[in-house]
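The next block holds one structure in the form of structure tokens; read it before the comments.
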2 protein chains.
Amino acid sequence: MSCHEILQEKGHRLTLQRMLVIEALHNAVRHISAEEIYEELHRRHPYANISTVYRTLELLKELELVTETDFGEGRVRYHVAEKGHHHHLVCHSCGRVADLEETALHPLKEGLLDEYGFVADLRHLAISGRCNECRSGHETEPKLRY
Amino acid sequence: MSCHEILQEKGHRLTLQRMLVIEALHNAVRHISAEEIYEELHRRHPYANISTVYRTLELLKELELVTETDFGEGRVRYHVAEKGHHHHLVCHSCGRVADLEETALHPLKEGLLDEYGFVADLRHLAISGRCNECRSGHETEPKLRY
DNA sequence: GTTGCATTCGCAAGTGGTTGCAATAATTCT
DNA sequence: AGAATTATTGCAACCACTTGCGAATGCAAC
């Protein structure tokens, strides 16, 4: 089911602004910022406001259609949930971002449920640290970011 | 070794502002916000500015003397590192915050090191989710917060 | 197609946090 | 103790994001 159908089904209105935000999210190669989404939106709808972008992102998060990740840039990035769940390893030395399979956190999740009865919401987590390349002294420019 | 000694040893100046920020952090019962630290500082040094608080906190973080945790309030809270390391389980239904021993994340940390050679920096993490009380329908007012 | 109405939007102001810069003050050297 | 040096501060402007509010609009009912 598409984002549009889910929005409509839950009683939310399908406005032009929302459709353009969803389109920008789908067209994004990797993780996109609110500002970047706004640029796309603004190009085709010059009167649109960035607060609408933030409100739409908030709605899509609640509906679990997009996930939000803080890579430590001072701004947050968004990703369409259906494109696949994963986490990230962010190196604070070189900025390199590696993807981590969702299953890597399943043991922790199960542990928290068994021990504390706590259902952890671990979606699109960014774990910061120091990557193998930087640790071994071969600091290189990372190829993949965000 | 005290915060004061560590600052001085690393060549940082011991200003009144810094001493008052450190004092506020040590006096805090649990996790304190920058605004709360600023109130303490302002009471005894009316010309002090909140940017100094943020800059001091940034410095203390770099020296690993304080940790920063985002409980999802829209502001971040700080805690003296030497008071003990732990993580937090934050319920997004009732706001209850439970402490989680540092060791609970050791298996994950070791796994990331073995599999990816990645040294994860997992300090004072806030894991959001739904707590046992809320899941069982007995939603109560939480006693402990932050 | 028109009407009615709740939802959504644009705007402007506000919040938490950061930053560039000139003035100030902690430390070092004499 | 006083002068020189340079880290640190206060200030003001800025950034990412949020919010209150009145105006606009998508949608449902006729």
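Small disclaimer: the values here were computed from a predicted structure and weren't measured. First the proteins, then the strands, lettered A, B, ... as listed; each starts at 1. These numbers come from the heavy atoms of this one structure, side chains and all, not from hydrogens, waters or symmetry mates.
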When you get a sec, tell me which of [options] is the closest nucleotide to the side chain of [X]?
{"X": "B:Arg75", "options": "C:dG16, C:dT19, C:dG10", "result": "C:dG16"}
{"X": "B:Arg18", "options": "C:dG16, D:dT8, D:dC27", "result": "D:dT8"}
{"X": "B:Thr15", "options": "D:dC17, D:dT9, C:dG10", "result": "D:dT9"}
{"X": "B:Tyr54", "options": "C:dG10, C:dG17, D:dT9", "result": "C:dG17"}

Given atom [atom1] of [X] and atom [atom2] of [N], what is their separation to the nearest angstrom?
{"X": "A:Met19", "N": "D:dC27", "atom1": "CE", "atom2": "P", "value": "8 Å"}
{"X": "B:Asn49", "N": "C:dG20", "atom1": "CG", "atom2": "C1'", "value": "14 Å"}
{"X": "B:His12", "N": "D:dT8", "atom1": "NE2", "atom2": "P", "value": "7 Å"}
{"X": "B:Glu73", "N": "D:dT19", "atom1": "CD", "atom2": "C1'", "value": "18 Å"}
{"X": "B:Asp70", "N": "D:dA16", "atom1": "CG", "atom2": "P", "value": "18 Å"}
{"X": "B:Ile50", "N": "C:dT19", "atom1": "CD1", "atom2": "C1'", "value": "15 Å"}
{"X": "B:Glu9", "N": "C:dT27", "atom1": "CD", "atom2": "P", "value": "15 Å"}
{"X": "A:Leu16", "N": "D:dA24", "atom1": "CG", "atom2": "P", "value": "17 Å"}

Please classify the nucleic acid contact of [X] as base, sugar-phosphate, or nothing, using heavy-atom distances under 4.0 Å.
{"X": "A:Ser51", "answer": "base"}
{"X": "B:Gly11", "answer": "nothing"}
{"X": "B:Glu68", "answer": "nothing"}

Is any N or O donor-acceptor pair between the side chain of [X] and the base of [N] shorter than 3.5 Å?
{"X": "B:Arg13", "N": "D:dA7", "value": "yes"}
{"X": "B:Arg55", "N": "C:dG17", "value": "no"}
{"X": "B:Arg77", "N": "C:dG16", "value": "no"}

message: Once you measure the plane-to-plane angle for B:His31 and B:His86, does it fall in the parallel (<30°), tilted (30-60°) or perpendicular (>60°) bin?
response: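 Ring orientation, 0 to 90° scale: perpendicular.
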- prompt: Do the ring planes of A:His124 and A:His85 sit parallel (below 30°), tilted (30 to 60°) or perpendicular (above 60°)?
  reply: perpendicular
query: When the nearest nucleotide of DNA chain C is assigned to B:Ser33 and to A:Tyr47 on a heavy-atom basis, which residue is associated with the more 5' position?
result: A:Tyr47
Nearest-nucleotide comparison on DNA chain C, the residue closer to the 5′ end among B:Leu14 and B:Lys61: B:Lys61
- request: Please report the C-alpha distance between A:Glu58 and A:Arg55 in whole Å, then the side-chain angles of each, then the deciding distance to 0.1 Å, and finally whether the salt bridge (charged side-chain N to carboxylate O under 4.0 Å, His left out) criterion is met.
  value: CA-CA 5 Å; A:Glu58 190 60 40; A:Arg55 281 193 273 234; over 6 Å; no
query: Would you say the side chain of A:Asn27 lies within less than 4.5 Å of the side chain of A:Ile32, judging by non-hydrogen atoms?
result: no
- prompt: OP1, OP2 of D:dG26 versus side-chain N and O of A:Gln8: anything below 4.0 Å?
  reply: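 No, no such contact exists.
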- prompt: Side-chain N or O of A:Gln17 less than 4.0 angstrom from OP1 or OP2 on D:dG26?
  reply: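 Checking D:dG26 against A:Gln17, no side-chain N or O comes under 4.0 Å of OP1 or OP2.
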query: Are the side chain of B:Arg77 and the backbone N or O of B:Phe71 linked by a donor-acceptor pair below 3.5 Å?
result: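 Not confirmed, B:Arg77 side chain does not pair with B:Phe71 backbone.
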query: Please walk me through it: do B:Lys10 and B:Glu62 pass salt bridge (charged side-chain N to carboxylate O under 4.0 Å, His left out)?
result: CA-CA 12 Å; B:Lys10 305 247 171 155; B:Glu62 274 166 29; over 6 Å; no
